Amino acid sequence: MEYIDAKAILLSADGAWFGCEHTANLYRGCSHGCIYCDSRSDCYAIKNFETVRVKRNALAILEDELSRKRKKGIVSLGAMSDAYNPVEKELELTRGALKLFDRYGFGVSIETKSDLVVRDTDILRSIATHSPVNVKLTVTSPYDELSKKLEPKAPVPKRRFAALESLAKADVYCGVLMTPVLPFIEDDSAAVLTIVEKAADAGCRYAYAGMKMGVTLRDSQRVHFLTKADKLFPGMKDRYCAAFGDDYFCPSPQADELYKAFADACRRRGLLYTMSEIVAENKRPYDTMQISLFDL
């Protein structure tokens with residue numbers, strides 16, 4: 001385990017990603033080993049990405065930042081580095097951050113592949129009494145064996161769906177984040193529809209797959225992904241290069257058909273699936289609460 005210095009933890013966001021006004025990363029790097037992770041891109045300048053580094057005095061810095069914010073908002077956790085890396089079980093920095101969000105009246109939107117998030121159900125429920133809470137578990141394939149290849153050190157999908165079921169039963173707003181969908185590897189309709197069915201069965205409120213079924217690739221992330229994919233699926237590098245060249249966004253050849261099937265399945269099972277609907281439903285009780293307080 002390595003420690004690094006940090007001048008700031010809380011950063012501003014534009015609200016486009018699940019309504020978040022702030023982002024926070026307590027760790028740098030991630031040990032899940034997902035072969036497609038965008039955080040390997042050169043623009044983030046994270047060397048040896050699979051080595052998790054802990055930001056020294058992260059909670060003290062975060063508390064100082066939260067205490068000085070006059071306007072509350074929703075904080076995104078896990079956008080760059082999974083907030084529930086295995087070291088979190090011991091260090092509890094994410095749990096500490098959630099306690100601070102609760103104390104200072106902030107909401108939280110968590111993005112993770114780990115079922116460790118269930119440990120913090122008590123604090124999530126407490127935050128939800130005053131601010132929006134949203135827990136997104138990423139599931140790119142419903143098949144455990146395929147997931148072990150693509151995300152070798154992350155909990156398998158079966159465990160993630162079990163975590164979602166636990167959160168839903170505790171009345172925590174949660175859903176499935178279906179990004180990316182890897183062309184030629186994960187982009188079959190049976191897989192996509194299975195994720196939707198499992199999400200609905202677990203009690204999720206939504207499933208989100210972006211606007212297109214595909215993956216983004218750039219610079220060092222692209223090199224890493226194509227190298228790993230070619231070892232796992234011989235010939236896959238040539239297939240990607242022929243189909244997409246150096247394009248940043250690489251959509252599935254049947255992206256339109258897949259998204260239609262996905263959307264139809266979500267409607268049939270009562271799941272939200274557009275960003276605007278997901279955010280609006282998450283914030284609705286608190287908008288109503290504010291109106292009621294104003295009327296008083």
Side-chain angles (χ1 to χ4, degrees), residues 1-34 36-114 116-117 119-120 123-124 126-127 131-138 151 153-154 177 179 216 218-221 224:
M1 188 186 307
E2 298 180 15
Y3 283 84
I4 58 174
D5 293 323
K7 294 181 179 180
I9 300 296
L10 197 67
L11 302 176
S12 296
D14 62 9
W17 186 248
F18 289 95
C20 297
E21 294 91 355
H22 312 280
T23 66
N25 285 284
L26 306 162
Y27 301 101
R28 189 170 176 84
C30 182
S31 61
H32 290 332
C34 306
Y36 51 76
C37 185
D38 174 70
S39 295
R40 299 179 190 277
S41 301
D42 292 342
C43 59
Y44 302 120
I46 305 177
K47 295 183 179 180
N48 302 317
F49 182 72
E50 290 182 23
T51 298
V52 177
R53 299 168 178 86
V54 182
K55 294 185 178 180
R56 192 177 282 112
N57 299 320
L59 294 183
I61 296 170
L62 179 61
E63 181 166 20
D64 178 64
E65 293 170 329
L66 293 173
S67 68
R68 290 187 285 106
K69 288 287 183 184
R70 296 182 63 183
K71 186 177 180 181
K72 310 301 180 184
I74 301 173
V75 183
S76 171
L77 280 180
M80 277 289 297
S81 301
D82 199 310
Y84 289 95
N85 273 287
V87 296
E88 168 61 20
K89 189 172 184 179
E90 173 189 350
L91 298 182
E92 295 193 356
L93 291 185
T94 297
R95 184 170 176 83
L98 293 176
K99 290 180 179 179
L100 291 175
F101 299 154
D102 194 15
R103 182 183 307 166
Y104 289 98
F106 284 75
V108 67
S109 181
I110 297 172
E111 188 172 317
T112 184
K113 286 191 177 83
S114 176
L116 182 58
V117 65
R119 178 200 65 186
D120 295 334
I123 310 176
L124 295 172
S126 182
I127 294 173
S131 303
V133 170
N134 185 3
V135 180
K136 308 175 289 291
L137 267 85
T138 301
E151 307 154 343
K153 296 181 182 178
L177 187 60
T179 57
T216 57
R218 56 184 166 187
D219 46 68
S220 56
Q221 175 214 7
H224 181 88

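None of the values given here were measured: they were computed from a predicted structure.
- One side chain, Ser31 or Asn85, offers a donor N or O that lies under 3.5 Å from an acceptor on the other.
- In this structure, Lys113 and Cys34 have side chains that are in contact, with non-hydrogen atoms separated by less than 4.5 Å.
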For Leu116 and Lys89, what are the C-alpha separation, side-chain angles and deciding distance, and is it a side chain to side chain contact (heavy atoms under 4.5 Å, CB included)?
-> CA-CA 7 Å; Leu116 182 58; Lys89 189 172 184 179; 4.1 Å; yes
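- Using a 4.5 Å heavy-atom cutoff, the side chains of His22 and Lys69 are in contact.
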Any chance you could lay out the side chain to side chain contact (heavy atoms under 4.5 Å, CB included) test for Phe106 and Leu66, step after step, and finish with the verdict?
-> CA-CA 8 Å; Phe106 284 75; Leu66 293 173; 3.7 Å; yes
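- Between Glu21 and Lys72 no salt bridge is recorded (no basic side-chain N to carboxylate O distance below 4.0 Å).
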Stepwise side chain to side chain contact (heavy atoms under 4.5 Å, CB included) check, Ile110 with Leu98 | CA-CA 10 Å; Ile110 297 172; Leu98 293 176; 4.2 Å; yes
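- From Glu111, atom CD reaches atom CG of Asn134 across 10.0 Å, with rounding to the nearest 0.5 Å.
- One side chain, Ser41 or Asp38, offers a donor N or O that lies under 3.5 Å from an acceptor on the other.
- Checked by atom type, the side-chain pair Tyr36/Gln221 shows no donor-acceptor distance below 3.5 Å.
- Look at Glu50 and Arg40 and you find a salt bridge, because one of the NZ, NE, NH1 or NH2 atoms lies within 4.0 Å of a carboxylate O, short of that distance.
- For the pair Lys55/Ile9, a side-chain contact is recorded, criterion being any heavy-atom separation below 4.5 Å from C-beta on.
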